[in-house]
Amino acid sequence: MRAFIVATAAVSLTSAVLAMTDATVVTNAEALRNSTAISLTWKSTGPVNVLMSLKPDATPDQMTLISENDTDGKHTVTDVDTKTRPYFYIKPQSGDGTRVAVRLLPLEGGRNFRDMGGYPTEDGRHVKWGHVFRSGMMADLTDADYDYLSGLGIQTVCDFRANEERADEPTEWAAGDIDYVTWDYAMVTGSEDLRTMFQDPELTPAKVKAGMAKTYFGIIEDHKHQYKEMFHRLAEGEIPLAFNCSAGKDRAGTGAALILSALGVPRDLVVEDYALSEKMVDYEAAFGAGGMSEEEIENSPYGFLAKLPAEMRAPLLRSDPDYIRGTFAYLDETYGGVDAFIRDELDIDDIELAKIRSSLLE
């Protein structure tokens, strides 16, 4: 009898291994928009079905089949309304599928307003689409933009900007009744350090880059209380949640890196997400001399940027991967890592972290 049990177990194990081998694996799914067309690409070890829905959490049986037994790893969806952003599910015949969507929201007046969903985690899950959004300033959002945003169900917006920034470019949120969170503080630390740096008569772009990288240490220290409140609101289930700063790359980029790290997204992918900002926004057009009127240059908190030589301004406008890598190194050296910083400085315990992961991962 014992031999039969052992043999049965061996057969079962072999079957399980074969089943795992036969399962189709889908990786590297990406969706890119070109006007009214969306191009999907992916890698898979077998044929897949491509499904589509306007809801980020729709189950496969609630979605529309748009391509069956697809084997070439690509599919183009044409005639997509420019004011919609569909979610796609790449579904193999066996094994787990993956969701994908265009990351940048289809907004007329948005600045770097994008979805943080889709990233895989180290434990095999994925960040849910349509649950957390990062952005730059929202003062230019149009009525059509707010019509689109109304459909996302955003409950909370955390605006990391200082008093001067919010006064200069106020957000008049018109996409439903939300909790709009701001903090009362003056824009002094980072901007003053930068202005002092530019008084150096021997300044070089390399020195500007080094100075910009250093400002990220100040972001971590100066905005702990903001990140702390955002994390606690996520733990309390105030989802979907959006957060923003002015450019949408520095304070928002650091906040995004903390969230993705807390969810277990590998660090190299967190760096990739951070670096996307300069591909999403032409920051030279927004903050350079040609992007501001003379009045704006004199009155804007960022007017000094337009007065700088272009080569000196460039490092400030980048989302250089070295900036967020340096931030991780600072967290590792100063606090013993991102996890320790979130636990000890943002006061997120294991129960709250489990709630955040439960809400934001699938």
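Residues: numbered from 1 along the sequence shown. Heavy-atom basis, side chains included; hydrogens, waters and symmetry copies ignored.
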Salt bridge check: are Arg343 and Asp350 linked by an N-O gap of less than 4.0 Å? no
Determine yes or no for a side-chain-to-main-chain donor-acceptor pair under 3.5 angstrom, with Lys249 supplying the side chain and Arg318 the backbone. yes
Let's go through Thr171 and Arg161 carefully: what are the C-alpha distance in whole Å and the side-chain angles of both, what is the deciding distance for side chain to side chain donor-acceptor pair (under 3.5 Å) to 0.1 Å, and is it a yes or a no? CA-CA 11 Å; Thr171 298; Arg161 296 179 301 163; 3.2 Å; yes
Do Leu152 and Ile239 belong to the same hydrophobic cluster, where Ile, Leu, Val, Met, Phe, Trp and Tyr are linked whenever their side-chain heavy atoms lie under 4.5 Å apart, directly or via other members? no
Could you check whether atom CG of Asp81 has more than 12 heavy atoms from other residues, nucleotides or ligands sitting under 6.0 Å from it? yes
Which label fits Phe160 and Trp183: parallel for a plane angle under 30°, tilted from 30 to 60°, or perpendicular past 60°? tilted
Side chains of Ser135 and Asn112: does their closest heavy-atom pair fall under 4.5 Å? no
Is the number of heavy atoms from other residues, nucleotides or ligands within 6.0 Å of CD (Glu311) greater than 12? yes
I'd like to know if Lys83 pairs up with Asp145 as an ion pair, taking the criterion as any Lys NZ or Arg NE/NH1/NH2 lying under 4.0 Å from an Asp or Glu carboxylate oxygen. yes
Scanning both residues in full, the closest heavy-atom pair of Cys158 with Arg233 reads SG-CD, 4.4 Å
Backbone of Thr156 reached by a side-chain donor or acceptor of Glu238 within 3.5 Å: no
Flag yes if Trp173 and Val132 sit in one hydrophobic cluster, no otherwise; membership is Ile, Leu, Val, Met, Phe, Trp, Tyr, and two members link when side-chain heavy atoms are under 4.5 Å apart. no
Minimum-distance pair of heavy atoms, taken over all atoms of Arg111 and Ala286: NH2-CB, 3.9 Å
Counting only heavy atoms from other residues, nucleotides and ligands, does the tally under 6.0 Å from NZ of Lys214 exceed 12? no
Test your reading of the model: is there a side-chain donor-acceptor pair from Ser358 to the backbone of Ala354, 3.5 Å cut-off? no
Donor-acceptor contact below 3.5 Å, side chain Thr215 vs main chain Met212: yes
Stepwise side-chain contact (heavy atoms from CB on, under 4.5 Å) check, Asp115 with Leu104: CA-CA 6 Å; Asp115 196 324; Leu104 190 68; over 6 Å; no
Verify, without hydrogens or angle tests, whether Tyr283 (side chain) and Ala247 (backbone) share a donor-acceptor contact under 3.5 angstrom. yes
Short question: side chain of His232, backbone of Met230 - any donor-acceptor pair under 3.5 Å? no
Do Leu107 and Leu149 touch side chain to side chain, with heavy atoms closer than 4.5 Å? yes
For the student: nearest non-hydrogen atoms of Val271 and Pro321, plus distance: CG1-CB, 3.7 Å
Check Glu221 with Lys224, please: is the shortest side-chain N to carboxylate O separation under 4.0 Å? yes
Mind listing the closest non-hydrogen atom pair of Thr82 and Ser35 along with its distance? CG2-O, 4.0 Å
Spell out, as yes or no, whether a donor-acceptor pair under 3.5 Å connects the side chain of Asn163 to the backbone of Tyr185. yes
Any salt bridge linking Glu362 with Lys128? Criterion: basic side-chain nitrogen under 4.0 Å from a carboxylate oxygen. no
Side-chain atoms of residues 69-78: list all donor-acceptor pairs with protein atoms under 3.5 Å, sequence neighbours left out, distances to 0.1 Å.
| from | atom 1 | to | atom 2 | distance (Å) |
| --- | --- | --- | --- | --- |
| Asn69 | OD1 | Gln93 | NE2 | 3.2 |
| Asp70 | OD1 | Asp72 | N | 3.3 |
| Asp70 | OD2 | Ser67 | OG | 2.8 |
| Asp72 | OD1 | Lys74 | N | 3.2 |

After noting the C-alpha distance and the side-chain angles of Arg134 and Ser277, does the key distance pass the side chain to side chain donor-acceptor pair (under 3.5 Å) rule? CA-CA 10 Å; Arg134 52 175 294 178; Ser277 289; 3.3 Å; yes
Could you tell me if Arg114 sits above the aromatic ring of Phe133, with its cationic atom closer than 6.0 Å to the ring centre and no more than 45 degrees from the axis? no
Got a sec, which residues hit ring pair (Phe, Tyr, Trp, His ring centres under 6.0 Å) with Phe113, two or more places apart in sequence or on another chain? none
Test item: Ser246 and Arg251 side chains (from C-beta on) under 4.5 Å apart, heavy atoms: yes
Exactly one candidate in Thr254, Thr327, Asp250 meets side-chain hydrogen bond (donor to acceptor under 3.5 Å, both in side chains) with Tyr216; the answer is Asp250
Basic-acidic side-chain contact under 4.0 Å: Glu298, Lys307: yes
Are Arg325 and Asp320 close enough for a salt bridge, meaning some N to O gap below 4.0 Å? no
One pair to check against side chain to side chain donor-acceptor pair (under 3.5 Å): Glu165 and Tyr302. What are the steps and the verdict? CA-CA 9 Å; Glu165 296 170 287; Tyr302 294 98; 2.5 Å; yes
Examine Phe88 and Met116 and state if one hydrophobic cluster contains both, with Ile, Leu, Val, Met, Phe, Trp and Tyr joined whenever side-chain heavy atoms are less than 4.5 Å apart. no
Thinking salt bridges, do Arg313 and Glu284 make one under a 4.0 Å N-O criterion? yes
State yes or no: do Val100 and Val127 share one hydrophobic cluster built from I, L, V, M, F, W and Y residues joined by side-chain heavy-atom distances below 4.5 Å, directly or via other members? no
Connecting only ILVMFWY residues whose side-chain heavy atoms lie within less than 4.5 Å of each other, what is the rest of Tyr89's hydrophobic cluster? Leu51, Met63, Leu65
Worked check of side-chain contact (heavy atoms from CB on, under 4.5 Å) between Asn28 and Trp42: CA-CA 5 Å; Asn28 299 97; Trp42 66 90; over 6 Å; no
Can you check salt bridge (charged side-chain N to carboxylate O under 4.0 Å, His left out) on Asp123 and Arg125, steps first, answer last? CA-CA 6 Å; Asp123 65 0; Arg125 292 185 284 179; 2.9 Å; yes
Are more than 12 heavy atoms, taken from residues, nucleotides or ligands other than Asp344, located less than 6.0 Å from that residue's CG atom? yes
Please walk me through it: do Arg99 and Tyr87 pass side-chain contact (heavy atoms from CB on, under 4.5 Å)? CA-CA 7 Å; Arg99 296 180 192 273; Tyr87 300 90; 5.8 Å; no
All heavy atoms of Ala186 vs all of Ala162, minimum pair found to be C-CB, 4.1 Å
Keeping the roles fixed (side chain from Glu164, backbone from Met187), state whether a donor-acceptor pair exists under 3.5 Å. yes
Answer yes or no: is there a donor N or O on one side and an acceptor on the other, between the side chain of Thr121 and the main chain of Gly264, under 3.5 Å? no
Parallel, tilted or perpendicular, judged at 30° and 60°: which one describes the rings of Tyr227 and His223? tilted
Determine the minimum heavy-atom distance between Ile154 and Ile178, stating which atoms define it. O-CG2, 3.1 Å
Would Leu141 and Val181 show up in the same hydrophobic cluster when neighbours are defined by side-chain heavy atoms closer than 4.5 Å? no
Could you tell me whether a side-chain N or O of Thr84 sits under 3.5 Å from a main-chain N or O of Pro86, the two making a donor and an acceptor? no
Determine, stepwise, if the pair Phe231 / Leu258 fulfils side-chain contact (heavy atoms from CB on, under 4.5 Å). CA-CA 9 Å; Phe231 265 77; Leu258 292 174; 4.0 Å; yes
